[in-house]
A.B. asks: 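To start, I am sharing the structure in question, which I have written as structure tokens.
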Amino acid sequence: MNSWSEIFFRLSYGYMLFNSIDFAIFLPVVFILYWLVAKRNLKAQNLLIVVVSYLFYGWWEWKFLSLIIFSTLVDYSVGLGLAKRESPNVRKMLLWTSILINLGFLGFFKYFDFFLANFTKAFSFFGHPINASTLNIVIPVGISFYTFQTLSYTIDVYRRKLKPTNDLVAFAAFVSFFPQLVAGPIERSTHLLPQFFVRRRFFYSEAVDGLKQILWGIFKKVVIADNCAQYANMIFSDPSDYNGSALVLGAIFFCFQIYGDFSGYSDIAIGTAKLFGFDLKKNFAYPYFSRDIAEFWRRWHISLSTWFRDYLYIPLGGSRVKTSLKIRNTLIVFLVSGFWHGANWTFIVWGALHAIYFLPLLLLSKNRRNLEIVASKKYLPTLTELIGMITTFSLVTFAWIFFRAESLAHAFTYIGGMFSLSLFHIPSLVPRRHILILLGLILAFISVEWSGRKDQFAIESIGKRQPQIVRWSFYSFVIFMIGMYMQTQETPFIYFQF
Amino acid sequence: MKIFLRRITSFIGFALVFYLFFNILWGLFLPLLAKNINYRIGSYGYMHTRIQNLKAYSGIDILFLGSSHAYRGFDPRIFKANGIRVFNLGSSSQTPIQTEVLLDRYLESLKPKLVVYEVSPVNFSSDGVESAVDIIANDTNDIGSIKMALKINHVKVYNTLIYGLFRGLLHLDSSFVEDLTKGDDTYVEGGFVEKKIAHYDKSMDFPSRKMNLKQKQLRAFEKILSKLREREVAVFLVQAPVTSGFYHARSNNSDIDAYFRRIGNYYNFNKIIELSDNQHFYDERHLNQAGVELFNAKLLEILRDNVVPTKKSNLK
């Protein structure tokens, strides 16, 4: 796999990021066209969504638009085919056509180089060196997301959970809907597709809610994630330069980087969709307040974990099977989930670690202990809850080291450096002032997230019962904090590479 | 929808006022926590003193422009000893965008016969943020500062400018006096800064890199040259010497030379004089006083041979 810096460089070249000036112009223009020009005409609104979504995607690389269009046409046709055929064999064949084409694209663009490199290594190891050079394939942004979304359509139609659509424009809009096209949430056809057939009405409160969510998403991304990224990248790039405590701090910074980055993206996506009258699935539910790993996985990247649950884990038998199969199914889901993130052994180990964390809870039937948010009727958690949260956070942070590392050797070097005597020294990081500012920002961020943990997004209810001036002052303060503490280089979202 | 658009417009107005107010508040009371305000009056480049000093000059022979290569590279005392009146308007990391602002402000009063412009490629490949905040904090802000901020389009420049305009409005810096000696640096009358370090002993390994000159800097640079031509001010483009390791690590030196040669009267001193990395520099890209003397002597020689800016010139 390429290094993170290479990926960032490639992604930052010409992409319309949510945190870019391009998007700041694009969004209001599309909003005005959608509500003022295409108003009251559902077909015109859907067509506009398709056009602007293709424009949004094509801004990065128009050539890869053909992939989305091809996937759209294949799954649209498969859907219609499934509606007309009753024969189980034909239906199965149609479903497999869709699965093979979609996963074929994904496999080629994302995993071809990985498999080739590993086969070459394996042959060399057994004394049969072969010459095969990788193709250095560029991964189309968002391919893992829209592939899973469109697959959910054919599977649901096959399972007769959903009637196939014969409206190609609406279906194309469902596949390419720009707010969630490149990094999710991965929508289910049963949830999002029907929304393209209902006349949209503009609701003031929903639009304001959307803007608030976008604002919070931007804060998470440009203040929390990007500032953490600066130090996480620095520390991970050369772990041997830092003492144990600095490495721990580096892992914690990455922990907040990936959360701020990905959940920030999801908030912007969900908020943007609200501006256009759409409801997208919640993708994060305060995962770092989880009391155990099972709860963490109910709160982290919800759209992906539920996708795997419904389309992989349950078809494999789920947890209502004998113990050995339970273990097998859990391992498969976590390993596939790791591999979904990227063609590197580091992601597979990351998935495996989570499986190891999760299995004891499943086998002891303790995986559904914490269904409600922590301290749901209190201000503060109990000591047991606090210990649970800290333990879960530590386990998750440890696993993130594998996720972030360039290779397994890199991860082990990092962990080796972390668990040394220097763990008890003052972190060897400079400038201290900047580190303290960043820690202060993280602390403030955790406090706001804690106070809003019962809501859809952390600032949803802040000031709701207060006069307008108080609410506006709060939102203005968030804007000010963004301007004062944002990382000044435009940084692409991490999950774009997956 | 109408209500939504009306309220959004009102909110934008409200947020703008709020932002200005809190920006000033943060700058005044929490400067150490203000990550994206970089208001440093009397910072390491002596820009504040240089601007005060400049007011005493008019009708000079040579005006030096550029970054630290300029204000640490051209010593007015050497030129004065040769009967040439000069002023060094170099500043920290000065890029063409800032040079243009400074020329708009001071070209009229300085009335130079010749401009010697130090064209270090690193300043042409920079976004100009560092130099912009230096000028905002140490010079009087005007419409040129706003234009400069818009060209650079960086939140740190905007925030620092808002704070700088506020301080300027209330004259909060009017009593500020900068120390003329800070550590190894001493400000010398005429804009020069002398470094009291005689040797450079560090390792000379630099990774190979390509300098990508930024389009917006090149546009500003070409605008400066045409402004100077309009005023019939002769221009000398000079690349000051740097250590050989640092110089040769740049992979596209010949392209850079070709560009500047095409655009004006250009001299690359890395090719003109032989200097010792250890004896004539105090870091990888700045001359020590011994290096400055050799560099300036050679420059004077070339100027005498090549330039006759006006009939009244002291250069011939």
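Numbered from 1 within each chain, the chains take letters A, B, ... in sequence-line order.
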A.B. asks: With sequence neighbours left out, what residues match Tyr242(A) under ring pair (Phe, Tyr, Trp, His ring centres under 6.0 Å)?
C.D. replies: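 Partners of Tyr242(A) under the ring pair (Phe, Tyr, Trp, His ring centres under 6.0 Å) test: none.
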
A.B. asks: Are the side chains of Arg7(B) and Gln468(A) in contact, using a 4.5 Å heavy-atom criterion?
C.D. replies: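 The answer is yes, as the side chains (C-beta and beyond) meet within the 4.5 Å cut-off.
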
A.B. asks: For Tyr485(A), is it the side chain, the backbone, both, or neither that has a heavy atom closer than 4.5 Å to a heavy atom of chain B?
C.D. replies: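 Both the backbone and the side chain of Tyr485(A) come within 4.5 Å of chain B.
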
A.B. asks: Please name all residues satisfying side-chain contact (heavy atoms from CB on, under 4.5 Å) with Ser237(A), sequence neighbours left out, ordered by chain then number.
C.D. replies: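 Not a single residue meets the side-chain contact (heavy atoms from CB on, under 4.5 Å) criterion with Ser237(A).
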
A.B. asks: Say you draw a straight line from OH of Tyr19(B) to CE of Met481(A); how long is it, rounded to the nearest 0.5 Å?
C.D. replies: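 That separation rounds to 11.0 Å.
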
A.B. asks: Yes or no on side chain to side chain contact (heavy atoms under 4.5 Å, CB included) for Ser476(A) and Phe11(B), after CA distance, side-chain angles and deciding distance?
C.D. replies: CA-CA 9 Å; Ser476(A) 302; Phe11(B) 174 73; 3.6 Å; yes

A.B. asks: Crowded around Lys182(B) NZ? As in, over 12 foreign heavy atoms under 6.0 Å?
C.D. replies: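 For Lys182(B), atom NZ is crowded (more than 12 foreign heavy atoms under 6.0 Å).
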
A.B. asks: Determine, stepwise, if the pair Phe480(A) / Phe21(B) fulfils side chain to side chain contact (heavy atoms under 4.5 Å, CB included).
C.D. replies: CA-CA 10 Å; Phe480(A) 167 73; Phe21(B) 178 72; over 6 Å; no

A.B. asks: Considering non-hydrogen atoms only, spot the tightest contact between Ile479(A) and Ala15(B) and give its length.
C.D. replies: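 Ile479(A) and Ala15(B) have their closest heavy atoms at CD1-CB, 4.2 Å.
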
A.B. asks: Given the options Trp35(A), Phe477(A), Tyr475(A), which has more heavy-atom pairs under 4.5 Å with chain B than any of the others?
C.D. replies: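 Greatest number of close heavy-atom pairs with chain B: Phe477(A).
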
A.B. asks: Mark yes when over 12 heavy atoms from residues, nucleotides or ligands other than Leu170(B) sit less than 6.0 Å from its CG; otherwise mark no.
C.D. replies: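 Enclosed: over 12 neighbouring heavy atoms sit under 6.0 Å from CG of Leu170(B).
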
A.B. asks: Are Phe18(B) and Trp472(A) near enough that their ring centres are under 6.0 Å apart?
C.D. replies: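 Centroid distance Phe18(B)-Trp472(A): not below 6.0 Å, so no.
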
A.B. asks: Go through the atoms of Ile437(A) and report whether side chain, backbone, both or neither lie under 4.5 Å from a heavy atom of chain B.
C.D. replies: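 Contact with chain B involves the side chain of Ile437(A) alone.
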
A.B. asks: Need one label for Asp127(B): side chain, backbone, both or neither, based on atoms under 4.5 Å from any heavy atom in chain A.
C.D. replies: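 For Asp127(B), there is no contact with chain A at all, as no heavy atom is under 4.5 Å.
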
A.B. asks: Check this for me: Lys464(A), atom NZ, are more than 12 non-hydrogen atoms of other residues, nucleotides or ligands nearer than 6.0 Å?
C.D. replies: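 Yes, NZ of Lys464(A) has more than 12 neighbouring heavy atoms, counting only those of other groups under 6.0 Å.
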
A.B. asks: Aromatic rings Phe4(B) and Phe31(A): how do their planes relate, parallel, tilted or perpendicular, breaks at 30° and 60°?
C.D. replies: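 It falls in the tilted class, 30° to 60°.
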
A.B. asks: Roughly how far apart are Lys156(B) NZ and Met484(A) CE, rounded to 0.5 Å?
C.D. replies: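 Interatomic distance, Lys156(B) NZ to Met484(A) CE, rounded to 0.5 Å: 11.0 Å.
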
A.B. asks: Against chain A, label Thr160(B) side chain, backbone, both or neither, depending on which of its atoms sit under 4.5 Å from a heavy atom there.
C.D. replies: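 Answer is neither: Thr160(B) stays 4.5 Å or more from chain A.
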
A.B. asks: May I ask you to name which of Leu36(A), Leu436(A), Asn227(A) has the most heavy-atom pairs under 4.5 Å with chain B?
C.D. replies: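 Between Leu36(A), Leu436(A), Asn227(A), the count favours Asn227(A).
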
A.B. asks: Counting only non-hydrogen atoms closer than 4.5 Å, does Leu32(B) touch chain A with its backbone (N, CA, C, O), its side chain (CB onward), both, or neither?
C.D. replies: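 Both backbone and side chain of Leu32(B) come within 4.5 Å of chain A.
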
A.B. asks: I'd like to know whether NZ of Lys223(B) has more than 12 heavy-atom contacts from other residues, nucleotides or ligands below 6.0 angstrom.
C.D. replies: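 Result for NZ/Lys223(B): open.
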
A.B. asks: Counting only non-hydrogen atoms closer than 4.5 Å, can you tell me which residues of residues 33-42 of chain B sit against chain A?
C.D. replies: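 Within residues 33-42 of chain B, the residues that come under 4.5 Å of chain A (heavy atoms only) are Leu33(B), Ala34(B), Lys35(B), Asn36(B), Ile37(B).
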
A.B. asks: The criterion is side-chain hydrogen bond (donor to acceptor under 3.5 Å, both in side chains); which residues satisfy it with Thr95(B), sequence neighbours excluded?
C.D. replies: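 In terms of side-chain hydrogen bond (donor to acceptor under 3.5 Å, both in side chains), with neighbours along the sequence ignored, Thr95(B) is linked to Gln98(B), Gln217(B).
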
A.B. asks: Less than 4.5 Å apart, side chain to side chain, heavy atoms only: is that true for Val155(B) and Ile482(A)?
C.D. replies: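 Side-chain contact under 4.5 Å: no.
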
